[in-house]
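Here is the structure we will look at, set down as structure tokens.
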Amino acid sequence: MASHDGFVSTVLWAIFVIQVMEFGHSKISTNVSCIGVEREALLKFKHGLTDPSRLLSSWTGEECCEWAGVECNKKTGHVLKLDLHNPCTKDIYIDIFIPSDMCRLGGNIVPSLTELKYLKYLDLSLNNFSTQKIPMFFATLQKLEYLNLSNAGFDGDIPKQLNNLSKLQYLDLSTDSLLDYLTSNDLDWVSKLSSLKYLHMSGVGLSNAKDWFGSINMLSSLQSLGLSNCHLHDISSSLQANFTSLRFLDISYNYINSSIPPWIYNLSKLEHIDLSSTLLSESPFPLAIIENNQRLAFFDMSQDSLQGGFPKNFSSLCKLQVVRLSMNYFSGNISGILGGPLGCVQSKWKIFDVSFNDFSGDLPNQFGEFKELERLDLSSNLISGSIPANLVELASLRELDLSYNKVSGTIPESIGRLSNLKLLYLEHNFLHGVISELHFEYLKSLTGLDISSNELVLNVSSTWVPPFQVRGIDLSDCKVGPEFPKWLQTQRNITWMTMSNVSISDSIPDWLFDFSSNIEFVNIASNMLGGQLPQDIGDKMPRLTVLILRGNNITGGIPNSLCKLNKLSVINLSMNQLSGRLPRCWGASPTVAYMFGDNKLNGQIPKSLCHIQQLSLLSLQRNGFSGVIPSCLSNLPIVFLDLSDNEFTGRLPPFGKHSQSLTVINLEKNHLVGGIPPQFCQLHNLQFLSLAQNNISGPIPNCIDGFLSMVDYARHFGGWPMPIVVNVMVDTKGTRQMYSDTLVYFCSIDLSANMLDGQIPEEFTRLVELKNLNLSQNNMSGQIPSNVGDLKNLESLDLSRNKLSGTIPPGISNMDFLSHLNLSFNRLSGPIPSGNHLHTVDDESVYRGNDGLCGAPLPKICPGDEPSGSDGRDGANSSEGKPSECDLDNHNWFYAGLGPGFTMGFLGLCGTLHFKRSWRVSYFRAMDRAIEKFLMTMMIAMLWFKRTFVRRE
């Protein structure tokens, strides 16, 4: 395996420990006879296993000491070692490998292994013994010195009887699963393993383990400790560590909301320390760690809310090779770190990652000292200036990431001489100029390239054959067209290809869908690509997981062969010229997002769509679909549903307790009838609802405050896990606006242009997160709720063209963010409230059609407010020069949307542009820290999706 990931770092350290530790068994046996009892025990063990790749095919004959994975004592013939770890890996991304399911052993582990009484080494890691507990009889193998069950699929409580393994030196029970397969409520059994040198239990649930530190503190010989992601909530700061021989410490991802325990400072032999994602509160860098640990080679304190300047005393760590300080609040000039003298440290660094911080300044011109630097990640900072031409001095560089900064100028041609470079990420900067063949001249090792979201022009010969074979490439927003780049045909290993908005106006080339059978991710959105999709696309691209061709001129029908893609998770063919019906062949595919909006499709939604059990996003808006919306959609985990602007008939689907994931429902502009089902009130995560322009009748359910995401700010972010940008058109502030990235922050209810009657429920006023409420053009009666002013976040309120009566509640003048108000054409009466917050909605058309209203801005003076000496007639009732009803409505929509509405709209646009990756630096620092942590995690997930072929559009 090869990767810079934490998982692989742990594996590499494990290999190192294995090499240096003495287990006391002989080398591979030669010319020894297998002991019959032990051979029979191994055969019984084999018969209980499933072996899909026939890893144990050599387990035949008499000489078990020659079987794969078996080693014996060369003198006695006793089995000493049984190594059956999964040897197969698969690459999920550039340079990142995980165990392959192809070679996993499974089945039942039978107790015949107890016959191997001299067994010292047992490795069953990376297999699939799911739904099984760790066998209790392992505790009888009392000569065991090495036991590795990591990522083997075991679950349940770890048997305490393992404390009988008094000779155990190496124990690995860790898992990379997101679920707690293994748990332990008491680590007292660990304290009995007095010979233990290596203990890794990362991913094991230890949240209920009492005095876990005290148990581990008994292991005075411990050299390696891994407890990452164990749900530990406290690390004792009062006790002293007895395991002072520790060289490897990983307690990352435990979110310990306190300072670093002092005992860590006293572990002077530490070579590897990972404290990432452990501190929640902002704090300065713990300088004592560096001062007291001069042997450090690996240092990771990413995502720990550290602040201040870059620690100067890193220069004293002459053995340091890996520095990871990403996702903190460090600031200062980057040239002071990479350009100034740092002593002996520079010649040793291999990984330097300070991404997601606040470093600024220009990139330095001094890179000559970093002879061994392999990975340089400065992404998501505020770094400016140009890329220095002498970057070529980093001759060992394998990964360069300057993305999401303010780097400007051109890309120097010298970058093409970094012959060891594998990953080059320069996206989202201010780079410009022409990229030629010279920029890639010696990049024969390049496997990942992303230069998107710049102003670059790719100018290469039509006969150019690149020196590299990339696996992932993103050229979005560069000028690549007008023809489709022919050199892509040479890239036989490509799995991820994104060329959104690259000015291609060509027809779909015949080779596009079959030039690489490995391709998994295709995004060629927002071009002018013409032609039709091949009918056999599902056969040509069998591994396809994401297909995005949104915003082109593709015609014809949707191929049925798409149903064959059993790995397809995202399909977006919206905004094309597709016609015909949706395929009816959908089965239990893993599709998450299904997007065909803005086409010319027709017919009914096939019920087979309900077989897609993981469907989270369904977008079919602005087509010609008809018929009844299938009620089975309410049984799917849909988060985003947009069926607007079609010809659907019948009643609303009974979305309710089985649709708890629903966050966005847009069914406007159809022909739906009946009432709003009361089950809707069970949609606790709903934050956007539009049923406008239908034929829905009856009262609004009083339980409307069941939309808990609109009630409680903390829940507001709970139901939006989509890493895909979606667009929704919203009628708000008297105009129609597009919401995409910012939709996650926008709570809206639009029930306008229906036949709803009854009163406005008082429960509406509990939806304090609402920003847009439109109940216009209905038959609503009664009074406006008296406490409507509680909707403090409301920006747009439209109750026009109903039968509302009574007075306008005074609290409406206290709504700080209200920039659009329309109460026209009702039966309201009495004085119009006055207040500083209504100065942006002071146009008289806001109140037109309510003969009983008086006071500013209307010319009708309220009784008792007449000026002295006036007869009450001021010409207000004169029709001379009076604008038409249509003119007044347009006048109202235009002027009432100005003021704060315009300002906030502009800021919203800026925020959208900034949000893409650097949002954390400015906007969210004013927010609650817990919310910031959650959003940061979501952003990391989104970026990880991109690097694993599910990039946002």
Side-chain angles (χ1 to χ4, degrees), residues 574 581-582 594-607 609-610 615 617-636 638-659 661-683 686-704 706-707 726 728-732 736 748-758 760-761 764 772-780 798-799 801-802:
S574 59
R581 297 173 178 264
L582 292 176
Y594 190 96
M595 308 172 73
F596 291 95
D598 293 279
N599 278 287
K600 299 177 180 180
L601 300 168
N602 54 47
Q604 298 184 3
I605 295 179
K607 291 185 178 180
L609 210 61
C610 295
L615 190 63
L617 191 155
L618 178 59
S619 177
L620 303 177
Q621 75 278 6
R622 291 183 287 280
N623 277 285
F625 291 113
S626 58
V628 176
I629 299 173
S631 60
C632 58
L633 292 179
S634 62
N635 297 321
L636 297 178
I638 295 180
V639 175
F640 180 99
L641 177 67
D642 192 346
L643 306 179
S644 62
D645 209 349
N646 280 286
E647 303 293 330
F648 289 115
T649 57
R651 293 178 174 270
L652 293 169
F655 296 120
K657 62 180 180 180
H658 299 298
S659 311
S661 300
L662 265 171
T663 303
V664 173
I665 298 178
N666 189 2
L667 302 178
E668 67 183 24
K669 296 185 180 179
N670 281 288
H671 305 293
L672 302 172
V673 297
I676 300 174
Q679 294 97 320
F680 270 44
C681 298
Q682 299 172 346
L683 301 176
L686 194 67
Q687 66 183 54
F688 182 97
L689 174 65
S690 180
L691 305 176
Q693 300 185 51
N694 279 284
N695 298 313
I696 299 170
S697 58
I700 299 173
N702 290 331
C703 57
I704 197 78
F707 300 158
V726 289
V728 174
M729 295 298 298
V730 184
D731 285 318
T732 181
R736 196 157 177 82
S748 172
I749 294 179
D750 188 349
L751 305 178
S752 62
N754 280 287
M755 296 184 292
L756 296 169
D757 54 31
I760 299 175
F764 259 117
N772 178 53
L773 177 59
N774 191 345
L775 303 179
S776 65
Q777 301 181 62
N778 279 288
N779 296 315
M780 308 296 296
D798 192 343
L799 303 178
R801 299 186 183 277
N802 279 286

Could you state the interatomic distance from [atom1] ([X]) to [atom2] ([Y]), rounded to the nearest 0.5 Å?
| X | Y | atom1 | atom2 | answer |
| --- | --- | --- | --- | --- |
| L633 | C610 | CG | SG | 4.5 Å |
| I676 | C681 | CD1 | SG | 8.5 Å |
| L799 | M780 | CG | CE | 9.0 Å |
| L582 | N623 | CG | CG | 8.0 Å |
| L775 | Q777 | CG | CD | 11.5 Å |
| N635 | S659 | CG | OG | 7.0 Å |

(request) Could you give me the CA-CA distance, side-chain angles and deciding distance for I629 and N670, then say whether side chain to side chain contact (heavy atoms under 4.5 Å, CB included) is met? (result) CA-CA 11 Å; I629 299 173; N670 281 288; 5.9 Å; no
(request) Applying side-chain hydrogen bond (donor to acceptor under 3.5 Å, both in side chains) between N772 and each of D798, T732, D750, report the one that passes. (result) T732
Would you check if [X] and [Y] make a side-chain contact, meaning some heavy-atom pair closer than 4.5 Å?
| X | Y | answer |
| --- | --- | --- |
| H658 | S634 | no |
| L672 | L691 | no |
| V730 | S748 | yes |
| L615 | Y594 | yes |
| F655 | I665 | yes |
| I605 | L643 | yes |

(request) Please test R581 against N602 for side chain to side chain contact (heavy atoms under 4.5 Å, CB included), starting from the C-alpha separation and ending with a verdict. (result) CA-CA 5 Å; R581 297 173 178 264; N602 54 47; 3.7 Å; yes
(message) Ignoring hydrogens and geometry beyond distance, is a side-chain donor-acceptor pair present between S619 and Q621 at under 3.5 Å?
(response) yes
Can you see which heavy atom on [X] is nearest to which on [Y], and at what distance?
| X | Y | answer |
| --- | --- | --- |
| P654 | S631 | CD-CB, 4.0 Å |
| M595 | L617 | CG-CD2, 3.3 Å |
| F707 | L683 | CD2-O, 3.6 Å |
| S690 | N666 | CB-OD1, 3.5 Å |
| F680 | L689 | CE2-CD1, 4.2 Å |
| N778 | L751 | ND2-O, 3.0 Å |

(message) Between Q679 and G656 (side chain of the first, backbone of the second, donor and acceptor by atom type, cut-off under 3.5 Å), is there such a pair?
(response) no
(message) Keeping N754 on the side-chain end and N694 on the backbone end, is there a donor-acceptor pair under 3.5 Å?
(response) yes
(request) Report the C-alpha distance between H671 and E647 in whole Å, list the side-chain angles of each, state the deciding distance to 0.1 Å, and finish with yes or no for side chain to side chain contact (heavy atoms under 4.5 Å, CB included). (result) CA-CA 6 Å; H671 305 293; E647 303 293 330; 2.7 Å; yes
(message) I'd like to know whether I700 forms a side chain to side chain contact (heavy atoms under 4.5 Å, CB included) with L756, so could you lay out the CA-CA distance, the side-chain angles of the two residues, the decisive distance to 0.1 Å, and finally the verdict.
(response) CA-CA 7 Å; I700 299 173; L756 296 169; 4.1 Å; yes
